[in-house]
Amino acid sequence: MPTFVYMTRCDGCGQCVDICPSDIMHIDTTVRRAYNIEPNMCWECYSCVKACPHNAIDVRGYADFAPLGHSVRVRRDEEKGVIAWRIIFRNGEKDMTLLAPITTKPWGQHIPKLADAAAPNQEMRESQLLFNEPKYIRLDDGDLHTLKSNGLKMKEGVYY
């Protein structure tokens, strides 16, 4: 479901442009409003939808999700801890709201302290491994790592 911008709601703040991982959200220089330059290239991560402070960005639903002529509003409610997908059908009468829990951390709250980590040596720089890759996701030391073998337990439910 690619995104699109309601020009009447957008004030050109640029938060959607800053957060878009595929770099398809741009600010129109003449009207100073955001727009999606290539909807077909949208990754459908909806980061722009969640970041927009004016709810100016909506999504186009697929036919299996919502019928033709609908509108889909996505709202992030921090107080309730949910993301609500509100579908209004073409006739304007039928209305459906789908709720999903927010499973991400608040913006800027969890920034890794890379200054405290030891700098990689030359061998680590030439390696194919990620910097500070945890040992329990590595498969190069000859054994399959599991949660149990690393002393970890799976938590139940939604947590963040």
Side-chain angles (χ1 to χ4, degrees), residues 1-115 117 128-134 136-139 145-147 150 152-160:
M1 296 182 288
T3 61
F4 67 96
V5 180
Y6 286 110
M7 295 293 184
T8 55
R9 295 183 196 160
C10 178
D11 71 348
C13 69
Q15 290 190 32
C16 59
V17 175
D18 294 339
I19 203 164
C20 181
S22 56
D23 198 28
I24 58 173
M25 297 300 288
H26 286 257
I27 300 289
D28 188 322
T29 54
T30 56
V31 294
R32 192 76 185 128
R33 300 290 184 260
Y35 69 104
N36 188 334
I37 62 168
E38 190 61 54
N40 292 336
M41 298 301 291
C42 182
W43 293 2
E44 300 175 8
C45 67
Y46 306 128
S47 296
C48 59
V49 175
K50 298 171 194 171
C52 181
H54 306 291
N55 292 321
I57 304 174
D58 272 355
V59 297
R60 292 180 175 95
Y62 293 126
D64 61 346
F65 182 72
L68 186 65
H70 67 283
S71 73
V72 180
R73 295 285 317 152
V74 182
R75 299 203 184 227
R76 182 181 177 99
D77 190 347
E78 297 283 343
E79 291 178 13
K80 294 181 183 175
V82 296
I83 295 176
W85 299 78
R86 183 173 182 208
I87 304 169
I88 302 172
F89 292 89
R90 181 174 29 197
N91 61 9
E93 295 175 10
K94 193 169 183 182
D95 190 340
M96 182 172 31
T97 302
L98 308 170
L99 294 176
I102 296 173
T103 58
T104 56
K105 310 255 187 261
W107 183 264
Q109 183 177 355
H110 298 278
I111 299 171
K113 295 183 175 20
L114 294 178
Q128 295 291 319
L129 300 176
L130 299 172
F131 178 66
N132 282 343
E133 186 167 317
Y136 47 85
I137 65 170
R138 290 182 49 184
L139 298 174
H145 297 283
T146 62
L147 290 172
N150 285 291
L152 302 171
K153 291 184 179 180
M154 181 69 88
K155 295 181 183 178
E156 290 186 27
V158 176
Y159 55 94
Y160 47 93

Engineer: Excluding sequence neighbours, so at least two apart, what forms side chain to side chain donor-acceptor pair (under 3.5 Å) with T30?
Structural biologist: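 T30: side chain to side chain donor-acceptor pair (under 3.5 Å) contacts with D28.
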Engineer: Does any non-hydrogen side-chain atom of K80 lie less than 4.5 Å from one of L99?
Structural biologist: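 The answer is no; the side chains never approach within 4.5 Å.
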Engineer: If you take all heavy atoms of D11 and C13, which pair is closest and at what distance?
Structural biologist: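 Distance-wise, the nearest heavy atoms are OD1-N, 3.1 Å.
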Engineer: From I24 CD1 over to C16 SG, what is the distance, rounded to the nearest 0.5 angstrom?
Structural biologist: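 The SG atom of C16 is 10.5 Å from CD1 of I24, to the nearest 0.5 Å.
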Engineer: Would one find more than 12 heavy atoms of other residues, nucleotides or ligands at under 6.0 Å from atom CE of M41?
Structural biologist: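 Open.
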Engineer: Go through the structure and list residues passing side chain to side chain donor-acceptor pair (under 3.5 Å) with H26, not counting sequence neighbours.
Structural biologist: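 Per chain and number, H26 pairs via side chain to side chain donor-acceptor pair (under 3.5 Å) with no residue.
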Engineer: What's the spacing between I57 CD1 and T3 OG1 if we round to 0.5 Å?
Structural biologist: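 Answer rounded to 0.5 Å: 6.0 Å.
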Engineer: Run R33 and I27 through side-chain contact (heavy atoms from CB on, under 4.5 Å) and show every step you take.
Structural biologist: CA-CA 5 Å; R33 300 290 184 260; I27 300 289; over 6 Å; no
Engineer: State which residues pass side chain to side chain contact (heavy atoms under 4.5 Å, CB included) with R9; sequence neighbours excluded, sorted by chain then number.
Structural biologist: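 If we apply the side chain to side chain contact (heavy atoms under 4.5 Å, CB included) test to R9, skipping adjacent residues, the hits are Y6, A56, D58, R73.
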Engineer: Before you tell me yes or no, could you show the steps for V5 and M25 under side-chain contact (heavy atoms from CB on, under 4.5 Å), namely the whole-Å CA-CA distance, both residues' side-chain angles and the distance that decides it to 0.1 Å?
Structural biologist: CA-CA 9 Å; V5 180; M25 297 300 288; 3.6 Å; yes
Engineer: Strictly by side chain to side chain donor-acceptor pair (under 3.5 Å), give each pair with a member in residues 13-24 just once, sequence neighbours left out.
Structural biologist: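 Qualifying pairs, neighbours excluded: none.
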Engineer: Do you know the tightest heavy-atom contact between N36 and C42?
Structural biologist: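 The pair with the smallest heavy-atom distance is ND2-CB, 4.4 Å.
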